[in-house]
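Each chain gets a letter, A, B and so on, in the order its sequence line appears, and its residues count up from 1.
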Amino acid sequence: MAPSRTERTTRSSNSRAAVTPALYHPPRPGPATMVQDVRDLKEELRRAVEQAVALLGVEEPVEVALQPTPPDRPGDYGTPVAFTLARALRRPPVEIARDLAARVPLPPGVVRAEPVGGYVNFLLEPAHLVRAATEPLRPPPLLGRRVLVEHTSVNPNKELHVGHLRNVALGDALSRILRYAGYEVQVLNYIDDTGRQVAETLFALEHYGLEYDGRTKYDHWVGEAYVRLHREMEDPAARAKLEEGVRAVLHRLESGQLRGEVERILRAQLQTMWRLGAEYDALVWESDLVREGLLQQALALLEHTPYVQRPQEGRYAGALVMDTSPFVEGLEDPYLVLVRSDGTATYPAKDIAFQFWKMGLLQGLGFRAFTRQPSGRVLYTSHPEGDRSARFGGCEETINVIDVTQSYPQRVVRAALAVAGRPDLAEGAYHLAYETVTLEGRRISGRRGHTVSVDEVLDEACRRARQVVAEKNPDHPDPDAAAQAVGIGAVRFAMVKTEPRRQIDFRWEQALSFDGDSGPYVQYAHARAASLLRRAQDAGLQDEEPDLTQVTEFERPVARALLDFPEAVRAAAAQRTPHVLAQYLLELAAVWNAYYNARNPDGSSATPVLQAPPGLRGTRLSLVRQVREVLRTGLELLGVPAPEVM
RNA sequence: GCGCCCGUAGCUCAGAGGACAGAGCGUUGGCCUCCGGAGCCAAAGGCCGCAGGUUCGAAUCCUGCCGGGCGCGCCA
């Protein structure tokens, strides 16, 4: 039982608070007409409330929280600060709220401040909201921080399955989000080419004398050999007999002799990753880490610390072990073996070396171009003959996207940084520990055939999407492309819409759902906006000037939802989870769909765009344009295609 | 046993101390003379696992318990 690092994961409890970076820049004050972001608007309100609080004679600074009002309450944003003040002022909150509302200076665009049961709510002028909401989207400024994201890291010995799917979807989306949020991001895919799993697979090919006939995808084909070998190894006697052969392959792998064989499997797997829309900056081969001496260097850094010992007797005699008890609680035996008594390194030791390199504690890997990816972006790979000028690694922050079952080794990796004298780097090392994916409630097991491949899932998703396209949009100019976008979008969205720490059970109906809380729901909202804008273009209306004086109450919720986008991205980046952004997009799509369908009491459309009076039409077009922009940008950050027509 | 994570509507999930707890699926009933019905509107449905505690205020923080998942290999 040795699942690849991808299919195991956890979130360690202690990491979030410690490593969440300061992503919040102080908001820049500016004239109300320049508001681009609800933060500015909220910040103005906050300052106004602070002034009012001071007028009430409160000396100490108080925290002024500002939150959106519930849908059925008056106003757009409100503060419960009167509750906080009640004790100090020895007066009921309702009275305080009334006084605050009466004294608060209203920033431009704010119609009124109103006490509502202890809260002070602010009502904004719809024109002001719409103007702010339709400012062109601008990505946040560069932060000048580098973060390295490792994800996928599938053992190169079989095809990807649905457990890997979650890893790729999470890691790729998070990388995109961090890049947009202003980080300089390196995306790495770790190739465990000296592991037992690859050795077994390559041994199986020899052992059974198999010849590739080209009929099945190569990674699936070698996977079959692997499964076959494991069936044979269920018998202990047979297993013992095969062991020597496996070990021999392992040695050849370590010396790099079989790199070509591994590469062939890897290239087949990359087809699946690319089909999902994931791309990488570089591949790092485990054998390169070892060959370039990084493992030895890492061990040297640890060897003379009080936590690392080489016992002369007892069960660990002759091995190099690390005492992890100061870093991990609840272990029966806190000693972790780094180097076996036979002199070979364990997986955690190699992982530590990799982590040290990621954070610049070690150098020396060479890189060269490996291949060109579908987008045109070059994929680099570590290589003995590669260029050694440091192009990758050396980041002050890292995110390892690895499932929760590997929490213990991941905590050890983090601890090793502290042991090596760099607690500051340990702070920046984050394990994104997502829960595992089960299949019909049971643990996935590639070995026993209890699994579904990613290729199979995508084929089925696209097949179903193709049917829906034929049915809903028979005149579609390119139904196959649309089906790909929808099918893949559905699958990827399903993988990132929930919290990573929640276990998910893979179910076809759920992962391939095209309505409700789904990727296609958001895609549809986007395509609908795009369609409307195409019609506007055809009618020559694209340049119509908005007349903000005609804004109606219907635009208010759409504008408010649009203004929340930067905050959603920021929160997703800060919390290191794409689900925040996915949930936001569902909300925006819902608000936009509701707006689109709004009816007057007589049943006629309350919010026509193309048929609206001039001026109002311009306003609505600018709002629709922004809806399309935000949905498209948001979907791209999740790695979900945003087709214009579907 | 010890440690970590999870427990919110029939099901799947959002809700990082604040307003009567929100969606989707499913159920029931409406909406295409109108810009895409993969949509919209409405109804029904909830001691937020249980018990204490902190707080003006708790689904959210603390403690204990119950239930589920995972971890604790000279495997990866």
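Across C41(B) and C32(B), the matching C1' atoms stand 14 Å from one another, rounded to whole Å. Spacing between A42(B) and C50(B) at atom P, rounded to whole Å, works out to 30 Å. Nucleotides C48(B) and A21(B) place their C1' atoms 8 Å apart, quoted to the nearest Å. Atom P of U55(B) sits at a distance of 28 Å from the matching atom of G15(B), rounded to the whole Å. When the P atom is compared between U63(B) and C2(B), the two are found 16 Å apart, to the nearest whole Å. Straight-line distance between the P atoms of C70(B) and A58(B): roughly 35 Å, to the nearest whole Å. The same atom, P, is picked in A9(B) and in G49(B); the two are 8 Å apart, to the nearest Å. Annotation: A19(B) and A38(B) have their C1' atoms spaced 35 Å apart (nearest Å).
As judged by a 4.0 angstrom heavy-atom cut-off over every strand, G330(A) is placed among the base-contacting residues. Nucleic acid contact for A525(A): none, since no nucleic acid atom lies under 4.0 Å from a heavy atom of the residue. Looking at heavy-atom distances under 4.0 Å, A317(A) makes contact with a base. Among the protein residues, V469(A) comes within range of the nucleic acid bases, having at least one heavy atom under 4.0 Å from a base atom. Looking at heavy-atom distances under 4.0 Å, V339(A) makes no contact with the nucleic acid at all. Using a 4.0 Å heavy-atom distance criterion, T324(A) is classed as making no nucleic acid contact.
When the nucleotides A19(B), G3(B), A38(B) are ranked by their closest atom to the side chain of P520(A), A38(B) comes out on top. The L610(A) side chain lies nearest to C35(B) when the options are C25(B), C35(B), G36(B). Distances were taken from every side-chain heavy atom of T69(A) (C-beta onward) to each of A19(B), C72(B), A23(B); the shortest belongs to A19(B). Checked against A16(B), C75(B), G36(B), the side chain of N473(A) finds its nearest nucleotide in G36(B). Distance from the side chain of R535(A) is smallest to C35(B) among G37(B), C35(B), A19(B). You'll find that the side chain of R73(A) is closest to A19(B), out of G71(B), G36(B), A19(B). Residue L532(A) places its side chain closer to C35(B) than to any other of C40(B), C35(B), A38(B). The listed nucleotides are G3(B), C11(B), A38(B); the one nearest the side chain of V468(A) is A38(B). Nearest to the side chain of R501(A), among G36(B), C6(B), C40(B), sits C6(B). In the set A14(B), A19(B), G36(B), G36(B) carries the atom at the smallest distance from any side-chain atom of R528(A).
Taking 4.0 angstrom as the limit, Y408(A) places none of its side-chain polar atoms (N or O) nearer than this to OP1 or OP2 of G71(B). Within the 4.0 Å cut-off from OP1 or OP2 of C35(B), not a single side-chain nitrogen or oxygen of R617(A) is found. For G71(B), the OP1/OP2 oxygens have no side-chain nitrogen or oxygen of R411(A) closer than 4.0 Å.
C6(B) atom C1' lies 14 Å from atom NE2 of H579(A), rounded to whole Å. One interatomic measurement links the two molecules: CD of E435(A) to P of G7(B), which rounds to 12 Å at whole-angstrom precision. If you measure from atom CG of L631(A) to atom C1' of A38(B), you get 15 Å, rounded to the nearest angstrom. When the P atom of G73(B) is taken as reference, atom OH of Y335(A) falls 14 Å away, rounded to whole Å. Protein atom CE of M233(A) is 12 Å distant from nucleotide atom C1' of C75(B), rounded to whole Å. The interatomic distance linking Q406(A) (CD) with G71(B) (P) rounds to 10 Å, in whole Å. Whole-Å rounding puts the N593(A) CG to C35(B) C1' distance at 13 Å. Rounded to whole angstrom, the span from the OH atom of Y521(A) across to the P atom of U12(B) amounts to 22 Å.
Checked against the 6.0 Å centroid threshold, Y595(A) and F554(A) do not count as a close aromatic pair.
Residue S605(A) is the one, among D342(A) and S605(A), whose nearest nucleotide of RNA chain B lies closer to the 5' end (criterion: closest heavy atom). Taking for each of A594(A) and G78(A) the nucleotide of RNA chain B with the nearest heavy atom, the 5'-most of the two is the partner of G78(A).
Under the Watson-Crick or G-U wobble criterion, with both distances below 3.5 Å, G26(B) has no partner in any strand shown. Figure legend. A58(B) is base-paired to no nucleotide; pairs are counted as Watson-Crick or G-U wobble with both atom distances under 3.5 Å. The partner of U63(B) is A51(B), judged by Watson-Crick or G-U wobble contacts that both fall below 3.5 Å. In a base pair of the Watson-Crick type (N1 to N3 plus N6-O4 or O6-N4) or a G-U wobble (N1-O2 and O6-N3), with each distance short of 3.5 Å, G36(B) is matched with no nucleotide. Pairing for A9(B) is absent, with no Watson-Crick or G-U wobble pair whose two atom distances lie under 3.5 Å. Nucleotide C2(B) forms a Watson-Crick or G-U wobble pair with G71(B), both donor-acceptor distances falling under 3.5 Å.
Side-chain atoms of S531(A) and base atoms of C35(B) include no donor and acceptor less than 3.5 Å apart. Evaluation of atom-type donor-acceptor distances gives a pair under 3.5 Å for the side chain of Q67(A) against the base of A19(B). Within 3.5 Å, a donor on the side chain of R599(A) pairs with an acceptor on the base of C34(B), or the reverse.
Note on ring orientation: taking the six-membered ring where Trp is involved, the planes of Y190(A) and F354(A) are parallel (angle under 30°, cut-offs 30° and 60°).
Residues R340(A) and T344(A) have side chains that bring a donor and an acceptor to within less than 3.5 angstrom of each other. For the residue pair Y434(A)/N167(A), the side-chain donor-acceptor check at 3.5 Å is satisfied. Between the side chains of Q510(A) and S513(A), no donor N or O sits under 3.5 Å from an acceptor N or O. Side-chain atoms of Y77(A) and Q67(A) form no donor-acceptor pair, as typed in the model, at a separation below 3.5 Å. Side-chain N/O atoms of Q406(A) and H431(A) include no donor and acceptor closer than 3.5 Å. Residues N400(A) and Q410(A) bring a donor and an acceptor atom of their side chains to less than 3.5 Å of each other.
In C62(B) the O4'-C1'-N dihedral to the base is more than 90° from 0, which defines an anti nucleotide.
Because its NZ or CZ atom is both nearer than 6.0 Å to the ring centre of Y596(A) and within 45° of the ring axis, R528(A) counts as a cation-pi partner of that residue.
For E471(A), the CD atom counts as densely surrounded, since its 6.0 Å shell holds more than 12 non-hydrogen atoms of other residues, nucleotides or ligands.
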